[in-house]
Amino acid sequence: MSYTKRNDGRKFEETREIKAEVGVIKNAQGSAKFQIGETIAVAGVYGPRNLYPKFLQDPEKGVLRCNYNMFSFSVDDRIRPGPSRRSREISLVTQRSLAPAVNLNEFPNAVVDVFVEIIQADAGTRCAGICAASMALADAGIPMKDLVAAVGVGKVGDKIVVDLDKFEEDYEGGASDMPIAMLPRNNEISLLQLDGELDVKEVKEALEMGKKACENILEIQRKALKDKYKGGK
Ligand code: UDP
């Protein structure tokens, strides 16, 4: 089906409005909030700290552990609290998206815990969570070779678009959603999932648009980190 105009009037290559802030949880070593449209993610980093049970420890380097959770009231229908198959999958892909950016060699036998909470959801929550988590890791002073920026790309009707909202994900004319995460400095992709169908040409076009969006997101993440230290927080 032809999709000529986006529901909220955005250009096809345009993300929703983004707001980012660092240092939002006083008791965490590092924390951040990342909002894209109506989707809001908060991340807290705790550690490096001792990892128990001990058999999970790595004597060579620290372990990065991620936990993704959606608040019960983050969507219209209440979500049942506690882990689900979906939250376990997203925790795992969050960990794998962030791992290439962090260097935990200095912390053998330790764990760095990253908790991602989705306060409000309107699609793109795993990407918003990854953006918040990478800022929180940087805020915690964990050695990193780059920030990780993430965004959903995909196809709505017949158009390749960036940052699908829930209306677009559920578009009656058909939609495919491809969340990606990047380490923009080296043009490295650390997450690529696909829900739906895209041909090779469409994947390339979507990746190109996603890459530009990630470069823009990276600037917003950097600015939020700089602003914290400028403000002397
Ligand atoms: N969603 C929901 N209930 C759920 C899970 C998801 O309403 O139990 C909504 C929510 O808005 C979410 C969207 O569906 O952002 C898309 O979910 P998906 O699993 O594709 O992951 P996301 O795009 O959030 O990374």
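Reckoned from all heavy atoms, side chains included, excluding hydrogens, waters and symmetry mates. Just so you know, these numbers come straight off a predicted model, no measurement behind them. All ligand and atom numbering here is 1-based and tracks the order in the structure.
Rounding to the nearest 0.5 Å places CG of Asn109 at 8.0 Å from CG of Leu51. The distance from atom CG of Asp163 to atom CG of Asp177, rounded to the nearest 0.5 Å, is 10.0 Å.
The number of heavy atoms from other shown groups lying within 6.0 Å of NZ (Lys61) does not exceed 12.
With Asp146 contributing its side chain and Arg185 its backbone, the two residues share a donor-acceptor pair below 3.5 Å.
Ring orientation note: the planes of Tyr3 and Phe12 are tilted relative to one another, at an angle of 30° to 60°.
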**Report entry** Worked check of salt bridge (charged side-chain N to carboxylate O under 4.0 Å, His left out) between Glu38 and Lys166
**Finding:** CA-CA 10 Å; Glu38 298 299 321; Lys166 187 76 176 125; over 6 Å; no
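Contact residues for ligand 1 (protein heavy atom closer than 4.0 angstrom to any ligand atom): Met70, Val75, Ile79, Arg86, Ala121, Asp122, Ala123, Gly124, Thr125, Arg126, Lys166, Glu169.
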